[in-house]
S.K.: 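Have a look at this one before I ask anything.
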2 protein chains.
Amino acid sequence: MQDRIINCENCIDNPKSVFTVLTPKEKDIIRKSHTCSFYKKGEIIFKEGDKPMGLLCLADGKVKIFKEGVGGREQIVRMAKPVGFIGYRALFAEEHHTATAVAIEDSTVCQIDRETVYRILRESSDLSLSIIRAFATELGFSNNRTVTLTQKHIRGRLAESLIFLKDTYGYEEDAQTIKIYLSREDVANLSNMTTSNAIRTLSTFAQEEVIAIDGRKIKILDLVKLERISELG
Amino acid sequence: MQDRIINCENCIDNPKSVFTVLTPKEKDIIRKSHTCSFYKKGEIIFKEGDKPMGLLCLADGKVKIFKEGVGGREQIVRMAKPVGFIGYRALFAEEHHTATAVAIEDSTVCQIDRETVYRILRESSDLSLSIIRAFATELGFSNNRTVTLTQKHIRGRLAESLIFLKDTYGYEEDAQTIKIYLSREDVANLSNMTTSNAIRTLSTFAQEEVIAIDGRKIKILDLVKLERISELG
DNA sequence: TGTATGAAGTGCTATATAACATGCAAAGGT
DNA sequence: ACCTTTGCATGTTATATAGCACTTCATACA
């Protein structure tokens, strides 16, 4: 991690950010008390057990958040995109981190210190409500995944993951290629399966012409079919 | 469901309630705009797809919240105890309910209407922060369960569920019997396994003298051993 | 050019667990 | 006291998927 001074207006002024509800005054307070850091692809942003020092906002890049389970097996619980928070769960629960965050691409992360966050939260009920809504949505997602990952069969789980990645990161210019390049291992860790099974099932999907694969590049050829596979379980 | 007029001070004044952070004035507002309902064991409080009409608080009784998965298979995502909220996720996410709530015992539920909830939230940053903290904790729990239910083996999953039930509802006076009486089916739906496997594995635990079973009554004889089974996966 | 390294892909086997069938006991209503 | 229903228990069978061993391929590096 390098502590570059980056002008990270992106987190604060981006219309997608929850900070849009803030007054210019409140935004200024944040602007004064935040630091930015740069992480190269593969670098750890925080680790399970670390104490959260502030609110992290992903200004640019892509980040996976995963938990280590039985025998060190990774389960990806969230994929972050700009502009979005990371590590905020532990901060607000007043716990140490219960998951690890790793940059999948080169990423810029800015941090607003704990005290400033709470100070703004006490002043802005709008921001509080936004965060409550964000948490409620995220919790719904997590509950959904619990059911999906435990009940759907391998094909259903993989199909759902591909749709999830498409929904989260969107398409490249060709309107087919999913705009994220994960290793087969990461795809497996996202879908609760072994790497072998991820490889095998991706190949099957490609044979069935539901998707096309070219290394880490995944094109969705038939979204309707993929959705059907996902729903069937 | 019967619409009795019950004096449901319990939700508001109970020291365990998040409402303790409110001023007497704010508590009065809630007192004036809430209604109480009584549900018999087995009755549905809300269903997947229903629109949340307010904030529900379980004043007395026990409630399971579950999602329907592949082939109508239930997955219990939460067990509520007094005094705690139910159905608040959908309310704050501004979605329809994504899970169903059923009373496991005769239960009293009071409802504070939507507008009042938001009115108080806008005034009380303390309450907002409490709710943010509650959500963050709940999300941590959910993420944890995702990993547990997908990665642990049957014995580990069941052991963890039993410990979870003990932690949530506590013991009877004998300091051994878990203070909730679930059907084998509910135990299975909590632990992501079939009813047969729940029965089988409970019997095995009883043979190993980790627990003792007498119908729906479950005694934890050796908590340390149970925790070890849970950790091993 | 040769070597090393890591990821992608394939086939086989072992196993955990779901699904099914059946029997028994207890609870609850008439 | 009877019948009916519901829950609990157990054994057998079928199947999905994890685990392992191995090959192929691409890229990096000396």
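Order of the sequence lines fixes the chain letters, A, B, ..., with proteins taken first and strands second; residue numbering starts at 1 for each chain. As a basis for the values below, the full set of heavy atoms in this structure was taken, side chains included, without hydrogen atoms, waters or symmetry mates.
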S.K.: So which heavy atom on Ile178(B) is nearest to which on Leu162(B), and how close?
M.R.: CD1-O, 3.9 Å

S.K.: Would you mind reading off the distance between Arg157(B) atom CZ and dA18(C) atom C1', rounded to a whole angstrom?
M.R.: 11 Å

S.K.: Checking His34(A) side chain against Ile112(A) main chain: does a donor-acceptor pair fall under 3.5 Å?
M.R.: no

S.K.: So, Phe135(B) versus Phe85(B), ring centres under 6.0 angstrom or not?
M.R.: no

S.K.: Between Arg184(A) and dG9(C), is there a contact of a side-chain N or O with OP1 or OP2 at under 4.0 Å?
M.R.: yes

S.K.: Let me know the distance between CG of Leu158(B) and P of dT17(C), rounded to the nearest Å.
M.R.: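 Rounded to whole Å, this separation is 12 Å.
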
S.K.: Just list the side-chain donor-acceptor pairs under 3.5 Å for residues 50-64 of chain A, sequence neighbours left out, or say none.
M.R.:
{"unit_1": "Asp50(A)", "atom_1": "OD2", "unit_2": "Lys47(A)", "atom_2": "N", "d": "2.9"}
{"unit_1": "Lys62(A)", "atom_1": "NZ", "unit_2": "Glu105(A)", "atom_2": "OE2", "d": "2.9"}
{"unit_1": "Lys62(A)", "atom_1": "NZ", "unit_2": "Lys179(A)", "atom_2": "O", "d": "3.1"}
{"unit_1": "Lys64(A)", "atom_1": "NZ", "unit_2": "Asp186(A)", "atom_2": "OD1", "d": "2.8"}

S.K.: Rounded to the Å, how far apart are Glu185(A) CD and dG6(C) P?
M.R.: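 My rounded result for the distance is 12 Å.
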
S.K.: Is there a side-chain polar atom (N or O) of Ser203(B) under 4.0 Å from OP1 or OP2 of dT10(D)?
M.R.: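 True: Ser203(B) side-chain N/O within range (under 4.0 Å) of dT10(D) OP1/OP2.
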
S.K.: Does a salt bridge link Glu172(B) with Lys217(B), judged by any charged N lying under 4.0 Å from a carboxylate O?
M.R.: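 So Glu172(B) does not pair with Lys217(B) through a salt bridge.
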
S.K.: Ignoring the backbone of Ser183(B), work out which of dC8(D), dA18(C), dA16(D) is nearest its side chain.
M.R.: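 Nearest to the side-chain atoms of Ser183(B), counting from C-beta on, is dC8(D).
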
S.K.: Rounded to whole Å, please give me the gap between CZ in Arg155(A) and P in dT17(D).
M.R.: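 Checked: the CZ to P distance equals 11 Å.
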
S.K.: Given 3.5 Å as the limit, does a donor-acceptor pair link the side chain of Thr150(A) with the main chain of Thr146(A), or not?
M.R.: yes

S.K.: For Asp214(B) and dG7(D), give me the distance from atom CG to atom P, rounded to whole Å.
M.R.: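 Rounded to whole Å, this separation is 17 Å.
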
S.K.: Pull out every stem in DNA chain D, meaning runs of 3 or more consecutive Watson-Crick or G-U wobble pairs with both distances under 3.5 Å.
M.R.: C:1-30 with D:1-30

S.K.: Give a yes or no answer on whether the side chain of Arg184(A) reaches the backbone of Thr195(A) with a donor-acceptor pair at less than 3.5 Å.
M.R.: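 Answer holds: no.
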
S.K.: Is there a donor-acceptor pair closer than 3.5 Å between any side-chain N or O of Ser203(B) and the backbone N or O of Ile199(B)?
M.R.: yes

S.K.: So if I take every side-chain heavy atom of Ile213(B) and compare against dA9(D), dA18(C), dG7(D), which nucleotide ends up nearest?
M.R.: dA9(D)

S.K.: Once you round it to whole Å, what is the distance between P of dA18(D) and CD of Gln75(A)?
M.R.: 12 Å

S.K.: What integer distance in Å separates Arg216(A):CZ from dT27(D):P?
M.R.: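 About 12 Å, once rounded to whole Å.
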
S.K.: Please identify each residue that fulfils side-chain contact (heavy atoms from CB on, under 4.5 Å) with Glu95(A), with sequence neighbours left out.
M.R.: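 Partners of Glu95(A) by the side-chain contact (heavy atoms from CB on, under 4.5 Å) criterion, ordered by chain and then number, come out as Arg89(A), Ala93(A), Thr98(A), Thr137(B).
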
S.K.: Quick one: which residue pairs count as a salt bridge (charged side-chain N to carboxylate O under 4.0 Å, His left out) with a foot in residues 191-215 of chain A, not counting sequence neighbours?
M.R.: Arg155(A)-Glu208(A)

S.K.: Between Asp106(A) and Lys40(A) (side chain of the first, backbone of the second, donor and acceptor by atom type, cut-off under 3.5 Å), is there such a pair?
M.R.: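 Checked: no pair found.
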
S.K.: Could you tell me the separation between the CG atom of Asn189(A) and the P atom of dA7(C), rounded to a whole number of Å?
M.R.: 12 Å

S.K.: Can a donor-acceptor pair be found, under 3.5 Å and without considering hydrogens, that links the side chain of Gln75(A) to the backbone of Asn189(A)?
M.R.: yes

S.K.: Please tabulate the protein-to-nucleotide N/O contacts below 3.5 Å involving nucleotides 23-30 of chain C, giving atom names and distances.
M.R.:
none

S.K.: Using heavy atoms and a sub-4.0 Å distance, could you list which residues of residues 194-202 of chain B are near DNA chain C? By number, please.
M.R.: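 Here the set is Thr194(B), Ser196(B), Asn197(B), Arg200(B).
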
